[in-house]
Trainee: 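To start, I am sharing the structure in question, which I have written as structure tokens.
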Amino acid sequence: MIPAETLQATHPAAAPEKGLVALAAPDSPAAEQYRVLYQRLARLAARRPMRVIAVTSASRGEGRTTSAANLALTAAQEGRTVVLVDADLRRPSLASLFGLAPRAGVAEVLDGSAELSQAVVRVGQLSVLCAGEVRDASAAIRHPRTAALVEQLRAAYDLVVLDAPPALAFADGERLAGAADAAVLVVRAGATPRQVVRLALESLGDLAAGVVLNDVDPETVAHGRWLYGGAREAAPAIANRRAG
Ligand SMILES: Nc1ncnc2c1ncn2[C@@H]1O[C@H](COP(=O)(O)OP(=O)(O)O)[C@@H](O)[C@H]1O
Ligand SMILES: [Mg+2]
């Protein structure tokens, strides 16, 4: 089921803070596209559980972290209580994206050396849970306390956004990403072969709630082709790209 498809235009080139357009350039068309994505997911939430959303992709470098962070910032700006979680424990990147000093995160909460409340850090209205110091990623992604951590987050926030590993990792049994209610698949426009996208969607199965077509040429978006062409009524799409 692919009910929420969204297009993300390339981010404005001048946007500071490494692509956090929802924070740095809230009036930009790119930030507006994240609001569109958020609204579509919010509408979808009326029909299926969407409290814990994994933002994933078929391969690396497609814009999972960028999309997850901007979606979470947008939801927080819309007044929801939101936690953004670094669930890509093999390649954590939220700490550097937000310029946060090394701190306890998922790894420490899982091994019991830190409380969740100590590990979560506020960035404006948004709560962020970094990965922490992941010494053994293989063990961390299968940690038996993962389900309890996700339930704790679910109970404490309106929305939990997971910066998840690539989609095939779900099938590999990564517990954090696997605990999501729904997954949004980020596809880098013009980069990911159709067949690879199809495989990623198959691996997600019913978890797939939508597609974000990332880094789209604004010219293409201007024609509205990506947004509505061929999509089912309940299948919105988002494009995002840096202007220029
Ligand atoms: N819409 C976009 N426009 C321009 N650059 C982008 C966009 N999305 C992602 N990027 C850039 O592409 C690179 C990879 O994105 P990232 O979100 O880290 O991917 P992933 O988490 O999937 O590996 C980063 O340098 C990021 O700033
Ligand atoms: Mg990433």
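Numbers for residues simply follow the sequence, beginning at 1. What you are looking at is a predicted structure, and each value in this text was computed from that prediction instead of being measured. Just so you know, ligand 1 is whichever comes first in the structure, and atom 1 is the first atom listed for that ligand.
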Trainee: Evaluate Asp163 for polar contact with ligand 1, using N/O atom pairs at a separation under 3.5 Å.
Mentor: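 No: no nitrogen or oxygen of Asp163 is under 3.5 Å from one in ligand 1.
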Trainee: Heavy atoms only, cut-off 4.0 Å: how does Arg91 contact ligand 1, side chain, backbone, both, or neither?
Mentor: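 For Arg91, there is no contact with ligand 1 at all, from either part.
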Trainee: Return yes when atom CD of Gln118 has more than 12 non-hydrogen atoms of other residues, nucleotides or ligands closer than 6.0 Å, and no otherwise.
Mentor: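 Check passes, neighbour count above 12.
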Trainee: Between Asp86 and Leu94 (side chain of the first, backbone of the second, donor and acceptor by atom type, cut-off under 3.5 Å), is there such a pair?
Mentor: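 Checked: pair present.
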Trainee: For Gly19, is the nearest heavy atom under 4.0 Å from an atom of ligand 1?
Mentor: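 Flag not set, Gly19 not near ligand 1.
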Trainee: Would the number of heavy atoms belonging to other residues, nucleotides or ligands and lying under 6.0 Å from CZ of Arg142 be above 12?
Mentor: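 Above 12, so yes.
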Trainee: Could you say whether the N/O atoms of Arg60 and ligand 1 ever approach to under 3.5 Å?
Mentor: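 No, since none of the N or O atoms of Arg60 sits under 3.5 Å from an N or O of ligand 1.
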Trainee: Decide whether an N or O pair under 3.5 Å exists between Thr66 and ligand 1.
Mentor: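 Yes, there is a polar N/O contact under 3.5 Å.
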Trainee: Just go through Thr65, Leu94, Asn214 and tell me whose heavy atom is the nearest to atom 18 (O) of ligand 1.
Mentor: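 Among Thr65, Leu94, Asn214, the closest heavy atom to atom 18 (O) of ligand 1 belongs to Thr65.
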Trainee: Can you tell if the side chain of Arg175 reaches within under 4.5 Å of the side chain of His143, non-hydrogen atoms only?
Mentor: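 Sidechains of His143 and Arg175: no contact.
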Trainee: Do the side chain of Asp158 and the main chain of Thr81 share a donor and acceptor less than 3.5 angstrom apart?
Mentor: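 Checked: pair present.
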Trainee: Any N/O/S atom from Thr65 (main chain or side chain) under 2.8 Å of the Mg ion (ligand 2)?
Mentor: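 Short answer: yes, at least one N, O or S atom is under the cut-off.
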Trainee: Work out whether the distance between some heavy atom of Gly61 and some atom of ligand 1 is less than 4.0 Å.
Mentor: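 For ligand 1, residue contact (heavy atoms, under 4.0 Å) with Gly61 is present.
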Trainee: What are the atoms of ligand 1, with element, lying closer than 4.0 Å to any heavy atom of Asp215?
Mentor: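 What qualifies from ligand 1 is 1 (N), 3 (N).
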Trainee: Closest approach of Leu159 and Ala75, non-hydrogen atoms and distance?
Mentor: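 Here Leu159 and Ala75 meet closest at CD2-CB, 3.6 Å.
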Trainee: Using salt bridge (charged side-chain N to carboxylate O under 4.0 Å, His left out) as the criterion, point out the one residue from Arg51, Arg154, Arg47 that pairs with Asp181.
Mentor: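 With Asp181 as partner, Arg51, Arg154, Arg47 yield a single salt bridge (charged side-chain N to carboxylate O under 4.0 Å, His left out), made by Arg154.
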